[in-house]
Amino acid sequence: MGALEGKVAVVTGGASGIGLASSRRLVAEGASVVVVDANGEGAEKAASELGGVAVQADVGDVTHWPRVLDATRRLGGMDIAYLNAGVTTGEEDIVKLTDEQYRRILSVNVDGIVFGTRAVVPELVARGGGAIVATSSLAGIVAFSGDPIYTLTKHAVVGFVRAVAPRLSENHITINAICPGLVDTPLIDGEIRDSLAGVGFPLIPAEAVAEAVLGCVLGDATGQAVVVQLGREAVPYRFGRPPGPRAPGVEGRIPPEWLADSGQPAPPKGS
Ligand SMILES: NC(=O)c1ccc[n+]([C@@H]2O[C@H](COP(=O)([O-])OP(=O)(O)OC[C@H]3O[C@@H](n4cnc5c(N)ncnc54)[C@H](O)[C@@H]3O)[C@@H](O)[C@H]2O)c1
């Protein structure tokens with residue numbers, strides 16, 4: 001028996017790379033999977049390999065989410081949502097960034113996570129709790145100057161996950177961000193892959209990221225940004241505390257979450 005026997009998982013961007021590897025890992029643990037992807041043919045191919053259901057959808061289009069929910073309801077409900085679809089701009093120079101590049105990446109990488117979370121939470125609540133995992137990136141923690149707008153979107157994912165986690169934990173839902181370094185997927189094909197190969201930079205296998213995703217799904221921690229690097233155990237990033245205000249009488253009046261680390265355990269899932 002796998003650890004996810006009887007559970008239903010949605011994986012966005014599930015036709016390729018990290019999403020496909022994670023779909024395989026979740027299915028290996030017994031979950032049924034709904035593979036969501038803008039690439040309908042790719043989603044069909046993945047779903048038929050995994051005995052799952054394919055949904056062609058653009059995660060950044062709010063009108064597409066009902067078809068994702070319909071697919072999970074046909075399987076009895078939703079327990080796990082892996083909001084993973086993402087793109088890069090490939091543009092290092094802010095002056096050359098086009099409006100289309102900017103709007104597209106905001107739509108996929110930010111709207112896709114926000115619309116996705118808003119859509120799936122009531123479904124998870126209906127099952128008594130569950131797990132949301134969002135793919136950020138190491139660029140969600142460090143300043144990756146090769147693609148500043150990608151960095152912006154991935155920082156947004158980390159901030160959102162940390163901020164929304166406490167409220168979701170009241171409904172026994174965990175939400176964590178996955179922050180991998182460079183992963184061997186089609187996303188980095190082309191110039192990036194060539195330049196990395198030129199200096200012999202080793203890439204993380206997508207399966208290692210999938211293992212970290214599974215860890216988030218099975219664990220009780222929430223509001224974490226889990227860093228995945230080659231050859232290391234996945235670890236939650238430890239955010240520092242910002243300085244608090246220094247003024248007479250202000251002590252004890254600051255909401256603790258403004259200063260505290262996140263990564264608190266949530267109440268047990270499904271309880
Ligand atoms: N590859 C890396 O080095 C790396 C590192 C850190 C984070 N990430 C993140 O991992 C996630 C997955 O990327 P990957 O490397 O597996 O890339 P990938 O290109 O192999 O897979 C991304 C999938 O998302 C789908 N997709 C794109 N836009 C979509 C949309 N609007 N709606 C639905 N599906 C859409 C694509 O069709 C594709 O199947 C992304 O969020 C990416 O930013 C990747």
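Every number for a ligand or one of its atoms is a count from 1 in the order of the listing. Remember, predicted model here, so these are calculated numbers, not experimental data.
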Could you name each residue pair satisfying salt bridge (Lys or Arg N to Asp or Glu O under 4.0 Å) that touches residues 13-32, not counting sequence neighbours?
R24-E49, R25-E29, R25-E211
Is H172 reaching over with its side chain to a backbone N or O of G130, donor-acceptor style, under 3.5 angstrom?
no
When you measure from the side chain of K154 to the backbone of T135, do you find a donor-acceptor pair of N or O atoms at a distance under 3.5 Å?
yes
Would you kindly say whether Y82 and S23 are connected by a side-chain donor-acceptor distance under 3.5 Å?
no
Once salt bridge (Lys or Arg N to Asp or Glu O under 4.0 Å) is applied, what residue pairs with a partner in residues 59-85 remain, sequence neighbours excluded?
D70-R73, R73-E123, D79-R127
Can you tell me which residues line ligand 1 if we count any heavy atom under 4.0 angstrom from one of its atoms, in chain and number order?
G13, A15, S16, G17, I18, D37, A38, N39, A57, D58, V59, N84, A85, G86, V87, V108, T135, S136, S137, Y150, K154, P180, G181, L182, V183, T185, P186, L187, I188
State which residues pass side-chain hydrogen bond (donor to acceptor under 3.5 Å, both in side chains) with T89; sequence neighbours excluded, sorted by chain then number.
D147
